[in-house]
Amino acid sequence: MERLCVILLLVSKTFIVNAQFNGFNCDANFHSRFPAERDISVYCGVQTITLKINFCPVLFSGYTDTDLALNGRHGDAHCRGFINNNTFPTVVLFSISLSTLEACGNSLAVSTAQGPNAYGNLSLVQIGNIAGYIDTPDPPTVISYLPGLLYKFSCSYPLEYLVNNTQLASSAAAISVKDSNGTFVSTLNLLLYNDSTYIHHLAIPVSGLTLKTRVFAAVKATNLDKRWNVLMDYCYTTPSGNPNDELRYDLFFGCDKDPQTTVFENGKSQMGRFSFEVFRFVKHKNQKMSTVFLHCVTKLCRSDDCPLLLPICGKRKKRNVSERTAVASGNAVMTAGPIITRSDETPTNNSQLAQLNSPPFKMNSVTSALISSIAILAVMSMCFFILSLSLLRGKYTAPTPRSGTHNPAFS
């Protein structure tokens with residue numbers, strides 16, 4: 001009789017659990033438990049943060065999907081998730097837009113620390129951290145037999161990137177940063193323009209650009225939340241498309257700037273602009289053209305913080321910023337160029353200057369004999385001319401006056 005009661009109890013409990021999971025992709029053998037840390041997955045995307053919560057333990061705990069909400073905002077439908085029953089197990093999805101992340105009470109904290117940037121140069125680095133939680137509502141009673149559910153999440157976003165460009169055809173390139181990197185930027189562009197209007201993209205002729213041609217460059221962010229600005233930290237050039245090339249020429253870093261480089265805008269908007277005069281690398285001396293690749297280490301900073309990250313030129317240190325936990329920043333890589341320059345000739349007033357290393361002009365024997373004959377004839381002609389002048393001068397010399405008395409008859 002006792003065995004029969006135990007069997008009936010187990011069967012009834014199985015029916016109850018199966019009824020509880022009815023219609024959802026749940027397994028009673030694995031999901032008949034309370035939630036654990038492994039039941040939430042966080043994806044730090046380029047424009048949204050996506051949260052996935054295993055719904056089966058939520059059902060087992062006595063709650064429904066409508067009981068889950070971001071940061072206690074249970075009365076706001078926009079802060080609730082939605083069921084996805086096309087996976088196993090069934091999950092509840094939450095999507096947080098980075099442009100409106102505070103709408104449901106999520107917090108954004110930006111920490112600033114002094115440390116090396118992507119290439120070891122001492123710089124101020126910022127890390128953006130977004131945090132929040134998902135919970136269930138408290139009952140309006142004094143006590144409850146249901147467990148309170150709480151899921152915490154956070155995403156860290158490094159705010160420094162290495163921006164390059166390797167596509168010559170359009171003189172620009174874009175790179176989509178992977179979701180797993182956790183970045184606010186979906187696309188960073190390093191663009192080259194013809195003039196200071198920044199309208200027409202740079203067109204590089206087949207023969208290359210003339211040396212000292214001024215090129216206008218811009219680092220631009222797209223699909224970026226308005227609270228962030230672009231700050232160019234370090235821009236340099238290499239003769240190859242490899243940003244780690246040991247041979248490089250710095251355009252600007254902090255207060256150190258190439259004399260031919262001018263920075264127009266930096267840290268004031270979602271676009272950084274500068275210009276420089278093209279040159280050639282000496283290692284290309286035996287080549288008719290020289291290639292120059294442009295690279296920029298770029299930061300993102302909040303509009304209020306950007307002035308604090310800019311260097312105070314003329315002084316040794318930058319502005320003091322309250323230092324918090326130092327975290328190494330990630331990098332997203334792309335390359336700008338090549339900018340092709342003519343290294344064998346430079347037009348001047350529609351004429352061409354002779355190459356300094358060109359071989360001397362050589363004459364053959366016929367040319368040498370002809371030049372010698374002309375020289376001899378010139379000398380003989382000059383001697384004949386001098387002799388003729390001497391003879392003519394002697395012929396027309398005035399006669400000597402005669403001596404004697406004047407005859408008055410001739411008067």
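For the single chain, residues carry numbers from 1 onward in sequence order.
Of the possible polar contacts, none joining the Thr237 side chain to the Val292 backbone as a donor-acceptor pair under 3.5 Å is found. Judged by distance alone, with hydrogens and angles left aside, the side-chain atoms of Ser269 form a donor-acceptor pair with the main-chain N or O of Met271 at under 3.5 Å. Checked by atom type and distance alone, the side chain of Tyr43 never pairs as donor or acceptor with a backbone atom of Thr48 at under 3.5 Å. Counting only distance, with no hydrogens or angles, the side chain of Asn266 and the backbone of Met232 share a donor-acceptor pair below 3.5 Å. Judged by distance alone, the side chain of Asn194 and the main-chain N or O of His201 form a donor-acceptor pair under 3.5 Å. Side chain of Thr291 to main chain of Pro239: a donor-acceptor pair is present (N/O by atom type, distance under 3.5 Å, no hydrogens or angles). For the pair Asp258 (side chain) and Asp250 (backbone), a donor-acceptor distance under 3.5 Å is absent.
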Run the ring pair (Phe, Tyr, Trp, His ring centres under 6.0 Å) check on Tyr236 and Tyr234 step by step: do they pass? CA-CA 7 Å; Tyr236 63 97; Tyr234 172 39; 4.9 Å; yes
Report the C-alpha distance between Tyr157 and Leu108 in whole Å, list the side-chain angles of each, state the deciding distance to 0.1 Å, and finish with yes or no for side chain to side chain contact (heavy atoms under 4.5 Å, CB included). CA-CA 10 Å; Tyr157 290 81; Leu108 169 63; over 6 Å; no
Step by step, work out the side chain to side chain contact (heavy atoms under 4.5 Å, CB included) result for Lys52 and Asn84. CA-CA 9 Å; Lys52 291 183 180 181; Asn84 182 5; over 6 Å; no
CA sep, side-chain torsions, deciding dist, call: Phe279, Tyr249, ring pair (Phe, Tyr, Trp, His ring centres under 6.0 Å): CA-CA 10 Å; Phe279 49 84; Tyr249 183 76; 5.4 Å; yes
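Partners of Arg227 by salt bridge (Lys or Arg N to Asp or Glu O under 4.0 Å), not counting sequence neighbours, listed by chain and number: Glu102, Asp225. For Tyr133, there are no ring-ring contact (aromatic ring centres under 6.0 Å, His included) partners at least two apart in sequence or on another chain. Scanning for salt bridge (Lys or Arg N to Asp or Glu O under 4.0 Å) contacts around Asp135 gives an empty result, with sequence neighbours left out. When the salt bridge (Lys or Arg N to Asp or Glu O under 4.0 Å) test is applied to Glu277, the partners found at least two apart in sequence or on another chain are Lys212, Arg214. Listed by chain and residue number, nothing satisfies the salt bridge (Lys or Arg N to Asp or Glu O under 4.0 Å) test with Arg73 (two or more places apart in sequence, or in another chain).
Two residues are said to be in side-chain contact when any heavy atoms from C-beta on lie closer than 4.5 Å; Asn25 and Thr87 fail this criterion. Here the side chains of Tyr63 and Leu146 are in contact, with some heavy-atom distance below 4.5 Å. Using a 4.5 Å cut-off on side-chain heavy atoms (C-beta onward), Leu68 and Thr136 make contact.
Here the closest non-hydrogen pair linking Cys306 and Asn229 is SG-CB, 3.7 Å. In plain terms, the two heavy atoms of Pro205 and Ala203 that are nearest each other are CD-O, 3.5 Å. In this structure, Ser156 and Ile127 approach most closely via the heavy-atom pair CB-CG2, 4.4 Å. Residue Asn106 comes nearest to Gly132 through the heavy atom pair OD1-CA, 4.0 Å, listed as atom of the first residue, atom of the second, then distance.
For the atom pair Leu211 CG and Ser290 OG, the distance stands at 8.0 Å (nearest 0.5 Å). Here Phe60 contributes atom CZ and Ser32 contributes atom OG; the two are 5.5 Å apart, rounded to the nearest 0.5 Å. Taken to the nearest 0.5 Å, the CG atom of Leu251 stands 10.0 Å off from the OG atom of Ser275. The structure places CG of Leu98 at 5.5 Å from CD1 of Ile49, a figure rounded to the nearest 0.5 Å. Atom CD1 in Ile53 sits 5.5 Å away from atom OH in Tyr151 (nearest 0.5 Å). Separation of atoms CZ (Phe94) and CZ (Arg80) is listed at 10.0 Å; rounding is to 0.5 Å.
Using cut-offs of 30° and 60° for the angle between ring planes, the Phe264 and Phe216 rings count as parallel. Between Phe24 and Phe55, the ring-plane angle classifies as perpendicular under the 30° and 60° cut-offs.
Using a 3.5 Å distance cut-off with no hydrogens or angles, the side chains of Thr197 and Asp195 do pair a donor with an acceptor. Looking only at atom types and distance, the side chain of Asn85 has a donor-acceptor partner in the side chain of Thr90 under 3.5 Å away.
Listed by first and then second residue, the disulfide bond (SG atoms under 2.5 Å apart) pairs that reach into residues 48-93 are Cys26-Cys56, Cys79-Cys104, sequence neighbours excluded.
Shown here is Lys257, whose NZ atom has more than 12 heavy atoms of other residues, nucleotides or ligands within 6.0 Å.
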